[in-house]
Amino acid sequence: MTSNVNPTVRRRRLGQELRKLREDKHMTAEQVAERLLVSQSKISRLENGRRSISQRDVRDLCGVYEVEDQRLVEALMEMAKDSRQQGWWHAFGDIPYSVYIGLETDAESLRVYEPQVVTGLLQTRAYAEAIIQGALPETSETEIEKRVQVRMKRQERITADEKPLRLWAVLDEAALRRLVGSRQVMREQLEHLTEMMRLPQVTVQVLPFDVGAHPGLNGQYTILEFSDAADSSVVYIEGVTSDLYLEKALDVQKYGVMYEHLRAQALSVEQSRQFIEDMAKSYAR
C-alpha cells in the first residue's frame, strides 16, 4: 500500500461523495435500500465510512443515481478499491478502534479532554502497559503487548519531522493523581509529560479539582480536525463495546464550545507545567 493512501479516510470521502449523489437525486437512504434490496443501515454505514465498500456497491449506487459521467463512476470505483487496502495498523491484527486510528493518522490536529488517565499519545510504555492491564484484566500478555506497540506507533505522529500532529490536551487533575502501575511509573510518566510539553505542537492544561462542576463531566472525548477542506471535523467518544463518531456540524460545534470552556477553566500552560512537575516530585518521595 502506498503511504499516501489511508483506507479509513478514503472510505469517508467516498461516502461523502455517494451521499451527495443521493441528496442531489432527492432520495432517502430508505428509498435507495429498497431499490438495491439491501438494508437501510448498510446505505448509512457506506455513507459514513464505517463499512468497507466494494466497486460493485459503487457501480450499483451510481446506477440508482443515474450518474452519466463515466469518468466520475471510474474515479469513485478507484476510491473504493483504495479504501479496501490496509493501513499500517492492520499489521497488528484485529484492533477494536481501527476506524479511529485511521482518522487520527490523517488528522492535522486533535483536541482531547481526558478525565481519568493521561491521554494515549502522551503515555510512556510502562504507563500504557499498566493502563491496559488494569482496564482489560482478562486480556493475555500477547494482546496487551500488541496494544502497547500500536499506542507507541501512534505517538510517532507527534514527533514527525514533517507535518507533526498538533495536540491540545486538557487533563483532569484526577488523571495525574490516579496511581497507575507504581509510584516510579507515575513519576516517569509525569516527567515525560513535561518533556512533551516543550514541543511547540503539544499543549497540555490541567483542570484542577477546585473548578467544581464543568462541561466535561460527561466524560472523555476527542475532536479531530483535518487539513483537507473536504474532510469535516469529527468528535470521537470511546465506549466499552462500541465507539461513537459525531460528524454533524452542530454536534461538532457544541463539543467545540464545551472544549473552549474547559480550556478557559483549566490552569494556564505555565501553571499546568508547574503543577505536573510538583506532582512528579511528590511521587519520588
Side-chain angles (χ1 to χ4, degrees), residues 97 100 104 107 109-136 151 154-155 158 165-199 201-225 234-240 243-244 246 251-252 254-285:
Y97 52 100
Y100 172 77
E104 182 186 85
S109 65
L110 301 183
R111 285 179 286 168
V112 180
Y113 169 62
E114 186 60 73
Q116 296 292 342
V117 298
V118 175
T119 188
L121 291 177
L122 299 177
Q123 293 177 4
T124 64
R125 170 174 280 273
Y127 183 92
E129 183 174 342
I131 282 289
I132 296 169
Q133 286 177 333
L136 303 170
R151 192 159 301 183
R154 287 168 51 209
Q155 293 180 5
I158 297 287
L165 180 66
R166 176 79 176 88
L167 173 64
W168 195 306
V170 175
L171 305 179
D172 194 280
E173 183 176 337
L176 309 180
R177 294 193 179 277
R178 183 175 303 281
L179 184 63
V180 173
S182 67
R183 297 184 68 84
Q184 180 178 349
V185 168
M186 286 301 301
R187 176 174 58 80
E188 292 174 350
Q189 172 60 71
L190 297 184
E191 289 175 348
H192 174 71
L193 195 55
T194 58
E195 286 299 314
M196 294 298 291
M197 291 174 69
R198 300 182 190 280
L199 299 175
Q201 64 269 30
V202 175
T203 302
V204 177
Q205 288 181 265
V206 175
L207 190 67
F209 287 149
D210 60 17
V211 302
H214 57 78
L217 289 177
N218 286 331
Q220 179 272 353
Y221 68 93
T222 299
I223 303 175
L224 302 97
E225 295 164 314
V234 178
V235 175
Y236 168 71
I237 302 172
E238 184 177 357
V240 176
D243 300 327
L244 182 62
L246 304 177
D251 292 336
V252 175
K254 286 181 178 179
Y255 275 88
V257 170
M258 285 171 55
Y259 201 81
E260 291 306 310
H261 281 286
L262 288 172
R263 295 202 302 196
Q265 291 179 262
L267 300 176
S268 70
V269 174
E270 287 304 318
Q271 289 171 328
S272 297
R273 179 180 288 109
Q274 187 61 56
F275 189 98
I276 295 171
E277 288 177 350
D278 291 342
M279 284 294 301
K281 292 176 182 176
S282 73
Y283 282 115
R285 298 181 191 133

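- In this structure, the separation between OG1 on Thr194 and CG on Asp278 is 11.0 Å, given to the nearest 0.5 Å.
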- Task: Evaluate the side-chain contact (heavy atoms from CB on, under 4.5 Å) criterion for residues Thr119 and Thr222: first the C-alpha distance (whole Å), next the side-chain angles of each, then the deciding distance (0.1 Å), finally the verdict.
- Result: CA-CA 10 Å; Thr119 188; Thr222 299; 6.0 Å; no

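- Between atom OG of residue Ser282 and atom CG of residue Leu190 there is a gap of 7.5 Å, rounded to the nearest 0.5 Å.
- Side chain of Gln265 to main chain of Leu207: no donor-acceptor pair is present (N/O by atom type, distance under 3.5 Å, no hydrogens or angles).
- One distance of note links CD1 of Ile276 with CD of Gln274; it measures 10.5 Å at 0.5 Å rounding.
- In this structure, Arg151 has no salt bridge (Lys or Arg N to Asp or Glu O under 4.0 Å) partners at least two apart in sequence or on a different chain.
- Looking at Gln116, its side chain never comes within 3.5 Å of a backbone N or O of Asp172 through a donor-acceptor pair.
- Side-chain N or O atoms of Tyr236 include none that pairs as donor or acceptor with a backbone N or O of Glu104 at under 3.5 Å.
- Side-chain atoms of Gln184 and Glu188 form a donor-acceptor pair, as typed in the model, at a separation below 3.5 Å.
- To the nearest 0.5 Å, the span separating CE on Met186 from CG on Leu193 amounts to 9.5 Å.
- Gln189 contributes no side-chain N or O that, together with a main-chain N or O of Ala126, makes up a donor-acceptor pair within less than 3.5 Å.
- The backbone N or O of Val112 sits less than 3.5 Å from a side-chain atom of Tyr259, completing a donor-acceptor pair.
- With hydrogens and angles left out, the side-chain atoms of Glu225 and Ser109 include a donor and acceptor closer than 3.5 Å.
- At distances below 3.5 Å, not a single donor-acceptor pair connects side-chain atoms of Arg166 with backbone N or O atoms of Arg111.
- Take Tyr255 and apply the ring pair (Phe, Tyr, Trp, His ring centres under 6.0 Å) test, not counting sequence neighbours, and it matches Tyr221.
- Under 3.5 Å, the side chains of Gln205 and Arg263 contain no donor-acceptor pair of N or O atoms.
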- Item | Full working for side-chain contact (heavy atoms from CB on, under 4.5 Å) between Arg177 and Met279 | CA-CA 8 Å; Arg177 294 193 179 277; Met279 284 294 301; 3.6 Å; yes

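- In this structure, Glu238 has no salt bridge (Lys or Arg N to Asp or Glu O under 4.0 Å) partners at least two apart in sequence or on a different chain.
- A salt bridge between Glu191 and Arg187 is present, with a side-chain N of the basic residue lying under 4.0 Å from a carboxylate O of the acidic one.
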